[in-house]
Amino acid sequence: MSSTALQPARGTHDLIGEEHRRHRRVVEAARDIAARYGFEEWATPVFEDTRVFSRSLGETSDVVTKEMYSFTDRGGESVTLRPENTAGVCRALVSNGLTQSNLPRKVFYAGPMFRYERPQKGRYRQFHQIGIEVLGAAEPLADAEVIACGWHIQQELEIAEGTVLEVNTLGDRPSREAYRAALVDYFTRHQDRLSEDSRLRLGKNPLRILDSKDPGDQTLMDGAPTIHDHLTAEAAAFYAALRRHLDTFRVPFRENPRIVRGLDYYNHTAFEFVTDRLGAQGTVMGGGRYDGLVEQMGGPPTPSVGWAAGVERLSLLLEAAGLTPSAPRPAVVVPVGDAAEPQAIAILQRLREAGLVAEMAYRGNLRRRMERANRIGAAAAVILGEDELARGMAIVRNLDDGTQAEVRLDAVIEALAETDVEGALEAAMADELEEGFEAMLGEEEEPDDR
RNA sequence: GCGGCCUUAGCUCAGGUGGUAGAGCGCCAGGUUGUGGUCUUGGAUGUCACGGGUUCGAGUCCCGUAGGUCGCCCCA
């Protein structure tokens, strides 16, 4: 690469070839499964008024304090590239006047998110998330269904064996405040044994000390109070109901009282699907309940629950499991001699109209075209020499086993159905159905002839 | 934002203690103007990430910058 060649901006990456196919597989599987659960897809703007995020994510969260891509536009407004999409979806619910009717609203989304961070494998400045939100449901059954849907998507992607669901409760507001006070009390008494980072957290966000990776901090955890000692009866009942529903949905999970989640808007349910296969980026899907967020956007109280998942991370799991989708295999139409080209184009288009993936090179002799066919992974070649065309015939060659046969032009699709050409089998079957239908119509006409 | 390691052809990588570059794969052309994969012959790969320094001489040593990677922070 020449030194004058432009590089992608730091933390961004191009999705090309296999990587793009994995990416698309993740999004399409999620979209498909979420639709089965009754979620409708929304697309909200990639940038929003900065207050959408500063108001919702918590003034002390890292995302707000140091990771936002914010800038002032030409009109003097402060706008921010979305670092996540839950806040945007809640804003959209309110902006579009959807808070009064038809609740709960079940929303699926997929798209790019932006955080100014130091890039690593599985962590980028522009990355992609899929997510679902149930807006306007206070029942723990909604939490369980949201989690079940996430689990189902991972099963559909065949990566569910590699992840573990960890759940926790953050309680309601009284539970959380009591717990926070107890934690501050405990860690203040042992301040001398806390790491430097955690001493800072003590003043800012004491809950975060719980998932510190510092070995010294870890030794303090066993004696630390847990949220479960401070749950109100209502919060405890909510959590118990969630676990019961998860069992009913047959979603395996592990309780982890240390899960706290980074964004301030969560209450009650908090959960993460984690894996040990992605190094430091172990969280593959994470979410929880956020009963106060819509209100913060200027709407009425609208209890809600959802999750977001990193497409890049799910894609890495697909790659590691050898589950990269293969590219569709085309049929290649090969005219021999210039005079054959017009008829070859007619046949090429007929194949495409029938639903097959078909290609024809723009130039080259037979040998070159065959080489190219092989290179692009074609499953079959339809060879059209002037000799064959004069007899209304074509050669259909299976490029996997090297066998070939001369067939009538109207039997080309049928012959391609014997190969791995994408769409050929379906096209041939559809053709048969049509013929069968025509035959039935023909029989029905017989009585009139009598 | 902090620390470790890394950066040589399109890709994966060799290049003891300094003497101005190599392999495999891939690519292009021929053997083969009606048959791809296999085989065979030939060909082009490059500011050795960038900038500076030491030296007669730097891919090699030193400093800085950028990017990547691993970890911390945090998170998808």
Side-chain angles (χ1 to χ4, degrees), chain A residues 1-13 26 57 60-67 83-86 110-131 150 163 195-198 200-201 204-205 208-209 211-215 217 259-263 272-275 278-287 307-317 332 334-338 340 361 364-388 395-404:
Chain A
M1 193 190 314
S2 127
S3 63
T4 56
L6 261 22
Q7 300 277 306
R10 182 162 206 205
T12 67
H13 60 146
V26 168
L57 304 182
T60 62
S61 73
D62 275 35
V63 171
V64 170
T65 55
K66 57 181 197 189
E67 295 174 3
E84 53 101 51
N85 205 28
T86 301
M113 309 293 159
F114 305 83
R115 289 182 201 174
Y116 191 88
E117 292 185 278
R118 181 96 179 245
Q120 283 179 35
K121 196 182 196 68
R123 167 188 296 184
Y124 303 94
R125 288 182 174 180
Q126 174 176 338
F127 60 106
H128 298 79
Q129 285 188 335
I130 51 175
T163 66
S195 66
E196 196 179 328
D197 281 332
S198 287
L200 279 172
R201 294 184 184 117
K204 244 173 37 177
N205 194 347
R208 292 233 66 91
I209 299 176
D211 60 1
S212 168
K213 287 169 191 161
D214 183 273
D217 291 351
I259 291 183
V260 293
R261 311 287 308 146
L263 308 176
E272 295 181 353
F273 284 89
V274 297
T275 178
L278 296 180
Q281 281 65 247
T283 304
V284 117
M285 181 180 282
W307 52 251
V311 178
E312 280 78 2
R313 293 182 184 178
L314 292 169
S315 170
L316 283 170
L317 290 179
V332 164
V334 181
V336 183
D338 292 343
N365 59 32
L366 177 57
R367 176 184 163 78
R368 280 198 128 334
R369 288 169 186 266
M370 291 301 287
E371 277 175 352
R372 183 184 142 79
N374 194 56
R375 236 184 356 256
I376 67 175
V382 179
I383 300 168
L384 301 163
E386 290 166 44
D387 307 347
E388 288 87 3
I395 294 170
V396 173
R397 181 177 177 88
N398 181 324
L399 293 178
D400 290 325
D401 61 18
T403 60
Q404 66 180 44

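Each chain gets a letter, A, B and so on, in the order the sequences are listed, and its residues count up from 1. Predicted model, so just to flag it, every value in this text is computed and none were measured.
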Pairing partner of B/rC5 (Watson-Crick or G-U wobble, both distances under 3.5 Å): B/rG68

Looking only at the side chain of A/Arg10 (C-beta and beyond, no hydrogens), which of the listed nucleotides B/rC70, B/rC74, B/rG68 gets closest? B/rG68

Say you pick atom C1' in B/rU54 and the same atom in B/rU12; how far apart are they, in whole Å? 34 Å

B/rU17 versus B/rA58 - spacing of their C1' atoms, nearest Å: 14 Å

Closest contact, heavy atoms only, A/Met370 versus A/Val334: SD-CG2, 4.3 Å

Taking it one step at a time, do A/Leu316 and A/Lys121 satisfy side-chain contact (heavy atoms from CB on, under 4.5 Å)? CA-CA 9 Å; A/Leu316 283 170; A/Lys121 196 182 196 68; 4.2 Å; yes

Shortest non-hydrogen contact from A/Val336 to A/Glu386? O-OE2, 3.6 Å

Where protein sits on nucleotides 34-43 of chain B, one letter per nucleotide: B base, S sugar-phosphate only, - none, heavy atoms under 4.0 Å: BBBB------

Rounded distance (Å) that lies between atom C1' of B/rC74 and atom CD of A/Glu84: 14 Å

Distance between C1' atoms of B/rA49 and B/rG30 (Å, rounded): 37 Å

Here the gap from A/Gln404 atom CD to A/Arg397 atom CZ, rounded to the nearest 0.5 Å, amounts to 4.5 Å

Counting distance only, does the side-chain N/O of A/Arg313 pair as donor-acceptor with the main-chain N or O of A/Val284 below 3.5 Å? no

Step by step, work out the side-chain contact (heavy atoms from CB on, under 4.5 Å) result for A/Arg123 and A/Glu312. CA-CA 8 Å; A/Arg123 167 188 296 184; A/Glu312 280 78 2; over 6 Å; no

Taking only residues two or more places apart in sequence or in another chain, which ones pass ring-ring contact (aromatic ring centres under 6.0 Å, His included) with A/Tyr124? A/His13

Rounding to an integer number of Å, can you tell me how far A/His13 NE2 sits from B/rU69 P? 10 Å

Pairing nucleotide - B/rG36, Watson-Crick or G-U, each distance under 3.5 Å: none

Without decimals, in angstroms, what is the distance between A/Leu316 CG and B/rC75 P? 20 Å

Is a donor-acceptor pair below 3.5 Å formed from side chain A/Arg208 to base B/rC75, judging by atom type as modelled? no

Phosphate OP1/OP2 of B/rC75: any A/Arg313 side-chain N/O under 4.0 Å: no

Indicate, with a heavy-atom threshold strictly under 4.0 Å, whether A/Glu117 touches base, sugar-phosphate, or nothing. base

Tell me the interatomic distance from A/Arg368, atom CZ, to B/rC27, atom P, rounded to whole angstroms. 11 Å

Taking the P atom of each, how far is B/rA9 from B/rU45, in whole Å? 14 Å

Could you measure between the two P atoms, the one in B/rG19 and the one in B/rG31, and give it in whole Å? 44 Å

Tell me the closest heavy-atom pair linking A/Ile130 and A/Trp307, and the distance in Å. O-CZ3, 3.7 Å

Considering only the C1' atoms, how many Å lie between B/rC6 and B/rA44, rounded to the nearest integer? 29 Å

Atom-to-atom span, NZ of A/Lys121 to P of B/rC70 - whole angstrom: 6 Å

Nearest heavy-atom pair of A/Arg369 and A/Gly364: which atoms, and what distance? NE-O, 2.5 Å

Using whole Å, what does the distance between atom C1' of nucleotide B/rA76 and atom CD of A/Glu272 come to? 10 Å

To the nearest angstrom, how far is A/Arg115 atom CZ from B/rC73 atom C1'? 14 Å

Indicate, with a heavy-atom threshold strictly under 4.0 Å, whether A/Met113 touches base, sugar-phosphate, or nothing. nothing

Answer for the Watson-Crick or wobble partner of B/rG24, both distances under 3.5 Å, is B/rC11

Upstream residue (5' side of RNA chain B) when A/Leu278 and A/Met285 are each assigned their closest nucleotide: A/Leu278

For A/Gln120 and B/rG68, is the shortest distance between a side-chain N/O and OP1 or OP2 below 4.0 Å? no

Please give the nucleotide sitting opposite B/rU45 as a Watson-Crick or G-U wobble pair, both distances under 3.5 Å, or none. none

Which part of the nucleic acid does A/Gly11 contact within heavy-atom distance under 4.0 Å: base, sugar-phosphate only, or nothing? sugar-phosphate

What interatomic distance, in whole Å, is found between P of B/rC50 and the corresponding atom of B/rC2? 25 Å

Round to the nearest Å and state the distance from A/Trp307 atom CH2 to B/rC75 atom C1'. 16 Å

Suppose you measure atom P in B/rU35 against the same atom in B/rG26; what distance do you get, rounded to whole Å? 23 Å

